[in-house]
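Below is one structure, written out as structure tokens; the observations come after it.
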Amino acid sequence: MLPPTQSSKAAPRNSDRPELASWFGSFYSVLVFIFFYAPIVVIILFAFSDRAIPGLPLGNFTLKWFAEAIGDPSLMESLWLSTWVAFVTAILACSIGLPAAMVLAWRGFRGKTLVFALILSPIIIPQMVTGISLLLLFRQAPQLMGSIGIIIAHTTLTLCFAVMIFYSRLLGFRKSYIEAAMDLGASELRVFFEIILPLTMPAIVAVVLLVFTESFGEFIVAWFVSGFNETLPIAIWTSLRFMLSPKINAIATIILLVTMTLSVAAQLWMLRQMRKTGDMER
Amino acid sequence: MAVADKSQPRGSGRWRIFAGIGPIVLWQTVFFAIPVGMLSVYSFWRMVNYRLDYSFTLYNYVQILENPLLFKALLLSLQIAFAVTITSAILAYPIAYFIAKKAGRFRTLMLIMVIVPFWTSLILRAYAWKLLLGERGFINAGLVEVGLIEQPLSFLLYSPFATALGLIYSFLPFFILPLYTSIDKVQDSWLEAAVDLGASPIRAFFEVTFPLCVPGLIVGAVFTFIFAIGDYIIPQMLGGGKNLLISQAIVFEFETSQNWPGGAALAILLLAIVLSMLLMLLRWVKLEDVV
């Protein structure tokens, strides 16, 4: 998520050196962004190139790899699996995370630090450690291996993001709205649906998008607990091991474009909502 | 459902707290705390003749020190993670500074552009670097085309260099964002005061701006280190199979040798490294300084 901007900057005071410094700064930033985006651009370029083995020169423009990717039933099956697993994970993360964040933000209770530590530690612990730990657990309950296992694993990994985003949203929330509604006789359920839910909506959208993309693209943990089910990242991993197929570039291009659009949309929307409701909250 | 603070003194308060917090505590206990606990228990067992021997032993931990392959993996992982962290710090600082202080109306756009790539799947980004670095990849082909080299550079892919590059690429945003936050908190007026009192802009930077963003630097460094040492995809895809890292050794033990206790011990060691980094972080900085 975007860190909040603290202060709007006054115009820089002018002398020759700062000019040079900001010229260098712009140049350097462009280099960094080339570094960030060049690999993504390369995948997209190769997806439209008719060369069977990715390489230079690029060759002619073609859409056949997209057609082949869409025509590949096992690839489409993994795409479908990844999609619904990510969707269920997003719903689970929201419905477990939001009530927890409400309590953490608004209530004091003993053991709060411990609960925070329990919720946030999956961020710090290497995902692969979480993955093999779950593998050991599922060994005691093999029927959970597979898509259910992946959903469990991804929910465990993403709950911390969900709680953090909800928590920071709820902290900046004016409780007098709730009190006013209660004083006017609204039931708790009504307060939740008519006040809390609309005001947390930007956070909910952000959480859904973030958790969905994280689950959709996650590989290592899913790989450990998937059994014989292949999510899309697992399918890509497996196919990269054996044969480099331009189909992968095509499917990767679709995923990259969709994720990047979602990411930009989510951030812009959050920003707009924050501006819109900003003066209402404090 | 926990709602308003107002009703706290009433008897239903505790029930509400429990209802809100219960599911997540239960979930994280069953699917996180207990499994990690099981992992540590496994690490003190041992595989004997392809069967688990349930008597307590430190054998797996001794093995990490005595088996040169495992020890080398541990050492190389630490080296690469340190190198990645330091390089990322150097790369991240100027751009974080630029976004916070000089970017003007492009600031939001630039922040978004920093964040977008790391929403995308790590596996795809690793794959992209494979396309770039391979012997017939973009970079080699380009260099040959221009005439800078005659033979493709073979060290670009399947080497510790490739691993380090991939890790820097993947985790640089984690360094830029906390740095940006801490630099952004440095008010321009403080710098102006320093300059008015006769400091050169360079001295003002080193005595005002820089010390104030040390917390951001430490947070960025710790997170980059933690993510770099725990990653599996990048070293496996770009580093090749010759120089194993600790994460690859863990997968090797679990998937190939079926030596789960051995893999568990490696994983617990990795966990211990990560947690000690985190404890150092918590001793050095107050989290409020950077969030």
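Every chain is numbered from 1, with letters handed out A, B, ... down the list of sequences.
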Option that, when pairs with chain A are counted at under 4.5 Å, heavy atom only, ranks first among [options]:
options	result
B:Ile229, B:Thr120, B:Ile123, B:Leu278	B:Ile123
B:Met277, B:Met110, B:Met237	B:Met110
B:Val114, B:Leu275, B:Leu122, B:Asp231	B:Val114
B:Leu172, B:Ile176, B:Ile226	B:Leu172
B:Leu124, B:Ile34, B:Val274	B:Leu124
B:Met38, B:Arg125, B:Met113	B:Met113

* Between B:Trp129 and A:Phe35, ring centroids under 6.0 Å -> yes

For [X], which atoms come within 4.5 Å of any heavy atom of chain B: side chain, backbone, both, or neither?
X	answer
A:Leu209	both
A:Leu232	neither
A:Phe224	side chain
A:Ser95	neither
A:Tyr28	side chain
A:Val163	side chain
A:Thr155	both
A:Leu257	neither
A:Phe36	both
A:Glu214	neither

If you take all heavy atoms of [X] and [Y], which pair is closest and at what distance?
X	Y	value
A:Pro126	B:Gly230	CB-CA, 3.9 Å
A:Gly217	B:Ser121	O-OG, 2.9 Å
A:Ile123	B:Phe227	O-CE2, 3.8 Å

* Asked: With distance as the sole test, does B:Tyr97 use its side chain to make a donor-acceptor pair with the main-chain N or O of A:Gly25 at under 3.5 Å?
  -> no

* To do: Report the C-alpha distance between A:Ile236 and B:Tyr127 in whole Å, list the side-chain angles of each, state the deciding distance to 0.1 Å, and finish with yes or no for side-chain contact (heavy atoms from CB on, under 4.5 Å).
  => CA-CA 9 Å; A:Ile236 291 173; B:Tyr127 165 58; 5.7 Å; no

Please round to the nearest 0.5 Å and tell me the distance separating atom [atom1] of [X] and atom [atom2] of [Y].
X	Y	atom1	atom2	answer
B:Ile233	A:Gln127	CD1	CD	8.0 Å
B:Leu132	A:Ile43	CG	CD1	9.0 Å
A:Leu262	B:Trp119	CG	CH2	7.0 Å
A:Ser29	B:Lys102	OG	NZ	12.0 Å
A:Leu104	B:Ile24	CG	CD1	7.5 Å
A:Thr130	B:Phe31	OG1	CZ	13.5 Å

Counting heavy-atom pairs under 4.5 Å to chain B, which of [options] comes out on top?
options	result
A:Phe24, A:Phe109, A:Phe138	A:Phe109
A:Cys160, A:Gly97, A:Ser121, A:Ala181	A:Ser121
A:Leu45, A:Leu114, A:Thr213, A:Val41	A:Thr213
A:Val32, A:Leu31, A:Val115, A:Ile119	A:Ile119
A:Leu118, A:Val129, A:Val264	A:Leu118
A:Ile124, A:Leu256, A:Thr259	A:Ile124

State, with a plain yes or no, whether a side-chain heavy atom of [X] is found less than 4.5 Å away from one of [Y].
X	Y	result
A:Tyr37	B:Pro117	yes
A:Leu136	B:Val41	no
B:Gln28	A:Pro122	yes
A:Ile152	B:Trp27	yes
A:Gln267	B:Val116	yes
B:Val36	A:Ser133	yes

* Asked: Is NZ or CZ of A:Arg139 both nearer than 6.0 Å to the six-membered ring centre of B:Trp260 and within 45° of the ring axis?
  -> yes

* For the pair B:Arg16 and A:Trp106, evaluate side-chain contact (heavy atoms from CB on, under 4.5 Å) and give the outcome as yes or no after the intermediate values. => CA-CA 11 Å; B:Arg16 286 200 193 115; A:Trp106 292 339; over 6 Å; no

* To do: Examine whether an atom of B:Leu270 lies under 4.5 Å from a heavy atom of chain A, and if so say whether it belongs to the side chain, the backbone or both; otherwise answer neither.
  => side chain

* To do: Give a yes or no on whether B:Phe106 atom CZ has more than 12 heavy-atom contacts from other residues, nucleotides or ligands under 6.0 Å away.
  => no

* Do the rings of B:Tyr232 and A:Trp223 sit parallel, tilted or perpendicular, given the 30° and 60° boundaries? -> parallel

